[in-house]
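Side chains included, hydrogens not; waters and symmetry mates left out as well; all remaining heavy atoms used. By convention here, the first residue in the shown sequence is residue 1.
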Amino acid sequence: MSTRSVQWRKVRSSLMTCALSLPEAYEDHPWGETVIKVNKKIFLFLGVDDGSHPPGFGVKLPESRDQALAVPGAQPSGYGLGKAGWVSLQLEEKLPPINVLHDWVEESYRAVAPKKLVKVLDEGIG
């Protein structure tokens with residue numbers, strides 16, 4: 001396994017761990033892809049992990065969209081999701097620090113989670 005492949009797997013694993021630590025978040029596998037959901041709504045797309053597609057992820061960023069789109073290889077998500085603030089990033093590109101990626105995962109969660117769960121998250125931080 002190449003060094004880059006190991007790095008991608010570490011980033012992917014870190015994003016998944018971060019997402020699953022959020023209130024009532026859970027993993028699902030529609031269309032053979034890995035996604036993380038809350039209240040039956042996806043807030044993190046992690047794609048497939050079988051090497052058939054370039055490694056990447058997608059998040060909904062109502063506030064950080066422009067910042068994320070400035071990352072090399074980032075683009076508005078397909079299927080019309082980009083118009084709703086979704087951004088797709090490739091793990092093979094140079095990414096911002098992991099804490100920024102975790103912030104984006106949390107922002108995406110906050111964008112789709114019910115207000116009562118966002119409140120639980122806020123109360124856990126304070």
Minimum heavy-atom separation for [X] and [Y], please, with both atom names.
X: P30; Y: V35; answer: CD-CG2, 3.5 Å
X: P62; Y: E107; answer: N-OE2, 3.3 Å
X: A25; Y: A19; answer: CB-O, 3.2 Å
X: L46; Y: F57; answer: CD2-CB, 4.0 Å
X: Q90; Y: G73; answer: CG-O, 4.1 Å

T17 side chain to S13 backbone, donor-acceptor under 3.5 Å: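 Yes.
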Looking at [atom1] of [X] and [atom2] of [Y], how far apart are the two atoms once the value is rounded to the nearest 0.5 Å?
X: C18; Y: Y109; atom1: SG; atom2: OH; answer: 11.5 Å
X: L101; Y: S14; atom1: CG; atom2: OG; answer: 8.0 Å
X: K37; Y: L44; atom1: NZ; atom2: CG; answer: 12.5 Å
X: D103; Y: S108; atom1: CG; atom2: OG; answer: 12.5 Å
X: Q75; Y: L69; atom1: CD; atom2: CG; answer: 9.0 Å

Step-by-step side chain to side chain contact (heavy atoms under 4.5 Å, CB included) determination, V112 to I42: CA-CA 8 Å; V112 302; I42 297 170; over 6 Å; no
Y26 with L117, same ILVMFWY side-chain cluster at under 4.5 Å: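 Cluster IDs for Y26 and L117 differ.
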Shared hydrophobic cluster for V118 and V38 (ILVMFWY, side-chain gaps under 4.5 Å): no
Indicate yes or no: at least one non-hydrogen side-chain atom of [X] is less than 4.5 angstrom from one of [Y].
X: V120; Y: E24; value: no
X: N39; Y: K116; value: no
X: T34; Y: E27; value: yes
X: W104; Y: V87; value: no

L15 and H102: CA distance, side-chain angles, deciding distance, side chain to side chain contact (heavy atoms under 4.5 Å, CB included) verdict: CA-CA 6 Å; L15 294 174; H102 288 180; 4.2 Å; yes
Aromatic plane relationship, W86 with F45 - under 30° parallel, 30 to 60° tilted, over 60° perpendicular: perpendicular
Salt bridge (Lys or Arg N to Asp or Glu O under 4.0 Å) pairs, two or more places apart, involving residues 60-73: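 Residue pairs with at least one partner in residues 60-73: there are none.
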